[in-house]
Visitor: 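Next up is a structure, given as structure tokens.
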Amino acid sequence: MQRDIFNEDHDAFREMVKEFIKRYVTPEKQRQWDEDGEVDRATMLAAGEHGIIGLSVPEEFGGAGMLMDYRFRSVVMEELIRAGAGSSLAGAAGIQDDLAIPYIAHFGTDAQKQKYLPGMATGEILGALAMTEPGAGSDLRAVMTTAKKVDGGYIVNGAKTFISSGKTADMIVTFVKTGEGNRPDAFSLIVIEKGMDGFDQSKTLHKMGFQGHDTAELSFTDVFVPEENLIGGAEGHGFVQLMKNLPLERLSIGVAGAAVGQAALEWTLDYTKSREAFGQPVADFQNTRFRLADMATTVDVMWAFIDRAMKLYEKGQLSPEEAAKVKFWCTEREWEILDQGVQLHGGYGYIMEYPIARAFLDARVHRIYGGTNEVMREIVARAVTGRK
Ligand SMILES: Cc1cc2nc3c(=O)[nH]c(=O)nc-3n(C[C@H](O)[C@H](O)[C@H](O)COP(=O)(O)OP(=O)(O)OC[C@H]3O[C@@H](n4cnc5c(N)ncnc54)[C@H](O)[C@@H]3O)c2cc1C
């Protein structure tokens, strides 16, 4: 089904992204990222130069000023995922644009915007967002990392885990306790920078998928962080800031889910048309045709849902429960499509050189991170029933 949310600017941008991919996202590069467990900085800088990242940085700070127009980000994700870079550059770009930049662009002080945003637009400064801890994932108010006020700043102690871009990031927007108890105003967001004394970001995790993008454990031992790194300049707003930006993170995972579903359909179409069994293309068996029909219809419905969500987001009207619906529903459909796609590839669907196999492993985390799909259903259920 023809999508009608893109105008000629988005179309021109898509062509530019495709050109960028031809030049910088080659199969050799992707293999290297998988081997290294991260995307190299030169590619991130090229992405900055071509406006592939930094889309959400306001123009006055050198970005594209598209913080609220998610269609450009959708184009980036769709094309990178189609090119097989869903588990490398698409991930790294998403962390930069959807998880790190918005906290500075929306909530940062003028000095923080001046300090970080221009470099975040070019890729010279890479960001990450650290909320999860070994003992606190879904239940964010259980975090134990503390930032104690001292003269001129804070002393941070604690640990974070599962942090995407955690090794490569130059600045990490970190969720910490600045108060007592677990009321929302006990928490703040503070920027911890690469190289600060007592900050270790060297330990990466060995994952099932997303091989080309680093996921790290972070530890903080008496890290002195100057008070000007407190996001927004005042304590106690961290929880609310997270709640305000999490719908964007969830929208972005929904978009990734739909883009993977679309790519999986395309890979499966190509494969089943070229593979023969019993003297005919696999695509001609009635079972295959019906499965492909189901997949194609699901992809259309996902985009219709997401395109509506992107419009609401642009108007500042995407509610937390709507973003939660997008995240859990699209990633569940993505999973079904991938499973079907693997099945229609037969044994080759299980072999890693086929993009469908990689995408299958990568996609598993879409139902876990950004808030698990169980927690998403809780958010929706609360809104639907009016009961906690
Ligand atoms: C590859 C990867 C990248 C990640 N990137 C980041 C990142 O960049 N930054 C970051 O901060 N975090 C990141 N995470 C962490 C991710 O967001 C958490 O793993 C996720 O929120 C779940 O937390 P948990 O792992 O502690 O699971 P838990 O919270 O312990 O959950 C375990 C199980 O219990 C269920 N559960 C928990 N609470 C409820 C409830 N109220 N009702 C019903 N079921 C419930 C969960 O759904 C899950 O099935 C990443 C994780 C991975 C794997």
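On a predicted model such as this, the values are computed, not experimentally measured, just so you know. One is the number of the first residue; the rest follow in order along the sequence. Ligands are counted one by one from 1 in listed order, and the atoms in each one are counted from 1 as well.
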Visitor: Does the protein put a heavy atom less than 4.0 Å from atom 53 (C) of ligand 1?
Guide: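 Protein heavy atom within 4.0 Å of atom 53 (C) of ligand 1: present.
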Visitor: Could you list which atoms of ligand 1 come closer than 4.0 Å to a heavy atom of Ile368?
Guide: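 In order of number, 20 (C).
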Visitor: Between Arg3 and Glu78, is there a salt bridge with N-O shorter than 4.0 Å?
Guide: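 The answer is yes: the pair qualifies as a salt bridge.
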Visitor: Of the protein's non-hydrogen atoms, which lies at the shortest distance from atom 18 (C) of ligand 1, and what is that distance?
Guide: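 Here the nearest protein heavy atom works out to Thr132 OG1, 4.1 Å.
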Visitor: I need the contact type for Leu129 against ligand 1. Using non-hydrogen atoms and a strict under-4.0 Å cut-off, is it side chain, backbone, both or neither?
Guide: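 It is the backbone that gets close, since no side chain atom is under 4.0 Å.
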Visitor: Measuring from non-hydrogen atoms of Gly370 to any atom of ligand 1, is the shortest distance under 4.0 Å?
Guide: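 In this structure, Gly370 qualifies as a contact of ligand 1 - some heavy atom is under 4.0 Å.
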Visitor: Are the charged groups of Arg41 and Asp170 less than 4.0 angstrom apart, N to O?
Guide: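 A salt bridge links Arg41 with Asp170.
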Visitor: Using the ring-ring contact (aromatic ring centres under 6.0 Å, His included) rule, take Tyr24 and His50 through it: C-alpha gap first, then chi angles, then the decisive distance, then the call.
Guide: CA-CA 11 Å; Tyr24 294 99; His50 290 81; 5.4 Å; yes
Visitor: Please check whether Thr372 reaches ligand 1 - meaning an N/O of the residue sits under 3.5 Å from an N/O of the ligand, judged on distance alone.
Guide: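 Such a contact does occur with ligand 1.
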Visitor: What I want to find out is whether Arg308 reaches Glu322 closely enough, with some N-O distance under 4.0 Å, to be called a salt bridge.
Guide: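 Here Arg308 does not pair with Glu322 in a salt bridge, since their nearest N and O are not under 4.0 Å apart.
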Visitor: List the closest protein heavy-atom neighbour of atom 26 (O) of ligand 1: residue, atom name, distance to the nearest 0.1 Å.
Guide: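 Answer, as residue, atom name and distance: Gly137 CA, 3.2 Å.
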Visitor: Under the 4.0 Å line, does any protein heavy atom show up next to atom 32 (C) of ligand 1?
Guide: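 No, there is no protein heavy atom closer to it than 4.0 Å.
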Visitor: Please report the shortest heavy-atom distance between Pro281 and Lys273, naming the atom on each side.
Guide: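 Closest approach of Pro281 to Lys273: CB-O, 3.6 Å.
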Visitor: Between Met1 and Val301, does the side chain to side chain contact (heavy atoms under 4.5 Å, CB included) criterion hold? Intermediate values first, please.
Guide: CA-CA 9 Å; Met1 198 177 280; Val301 179; over 6 Å; no
Visitor: Under the criterion ring-ring contact (aromatic ring centres under 6.0 Å, His included), I'd like the reasoning laid out for Trp335 against Phe360: C-alpha separation, chi angles, the key distance, then a yes or no.
Guide: CA-CA 7 Å; Trp335 185 247; Phe360 185 75; 4.6 Å; yes
Visitor: Does the distance from a Lys or Arg side-chain N to an Asp or Glu carboxylate O, for Asp34 and Arg358, drop under 4.0 Å?
Guide: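 A salt bridge links Asp34 with Arg358.
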Visitor: Could you find the nearest protein heavy atom to atom 41 (N) of ligand 1 and give me its residue, atom name and distance?
Guide: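 So the nearest neighbour among protein heavy atoms is Glu378 CG, 4.4 Å.
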Visitor: Any protein heavy-atom neighbour for atom 49 (O) of ligand 1 (distance below 4.0 angstrom)?
Guide: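 Within 4.0 Å of atom 49 (O) of ligand 1, protein heavy atoms are found.
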Visitor: Among Phe175, Phe162, Tyr369, which residue places a heavy atom closest to atom 13 (C) of ligand 1?
Guide: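 The residue whose heavy atom sits nearest atom 13 (C) of ligand 1 is Phe162.
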Visitor: Over all heavy atoms of both residues, which pair between Val17 and Glu79 is shortest? Give the atoms and the distance, please.
Guide: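 Heavy atoms only, the tightest pair is CG1-CB, 3.7 Å.
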Visitor: What residue and heavy atom of the protein are closest to atom 8 (O) of ligand 1, and at what distance?
Guide: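 In this structure, atom 8 (O) of ligand 1 has Ser164 N, 3.0 Å as its nearest protein heavy atom.
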Visitor: Does the protein come close to atom 35 (C) of ligand 1 - that is, does one of its heavy atoms sit below 4.0 Å from that atom?
Guide: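 Answer no: nothing from the protein, no heavy atom, is under 4.0 Å.
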Visitor: Hey, which atoms in ligand 1 end up nearer than 4.0 Å to a heavy atom of Ile163?
Guide: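 Near Ile163, the atoms of ligand 1 are 7 (C), 8 (O), 9 (N), 10 (C), 11 (O).
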Visitor: Considering only non-hydrogen protein atoms, determine which one is nearest to atom 40 (C) of ligand 1 and report residue, atom name and distance to 0.1 Å.
Guide: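 Here the closest protein heavy atom is Val375 CG2, 4.4 Å.
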Visitor: What part of Val365 sits under 4.0 Å from ligand 1 if we count only heavy atoms: the side chain, the backbone, both or neither?
Guide: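 Looking at Val365 and ligand 1, just side chain atoms fall under 4.0 Å.
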Visitor: Which atoms of ligand 1 sit under 4.0 Å from any heavy atom of Met131?
Guide: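 By the 4.0 Å cutoff, the relevant atoms are 10 (C), 11 (O).
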Visitor: What is the closest protein heavy atom to atom 38 (N) of ligand 1, and at what distance does it sit?
Guide: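 I find the closest protein heavy atom is Ser138 CB, 3.8 Å.
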Visitor: If the cut-off is 4.0 Å to any non-hydrogen atom of Glu374, which atoms of ligand 1 fall inside it?
Guide: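 Ligand 1 atoms under the 4.0 Å threshold to Glu374: 43 (C), 44 (N), 46 (C), 47 (O), 49 (O).
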Visitor: With a 3.5 Å distance limit and no angle check, can you tell me whether Glu314 reaches the backbone of Tyr70 through a side-chain donor-acceptor pair?
Guide: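 Between the backbone of Tyr70 and the side chain of Glu314 there is no qualifying donor-acceptor contact (under 3.5 Å).
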Visitor: Salt bridge or not between Glu334 and Arg367? Use side-chain N to carboxylate O under 4.0 Å.
Guide: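 Here Glu334 does not pair with Arg367 in a salt bridge, since their nearest N and O are not under 4.0 Å apart.
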Visitor: Could you tell me whether the side chain of Lys160 and the main chain of Ala216 form a donor-acceptor pair under 3.5 Å?
Guide: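 The answer is no, because no donor-acceptor pair under 3.5 Å joins these two groups.
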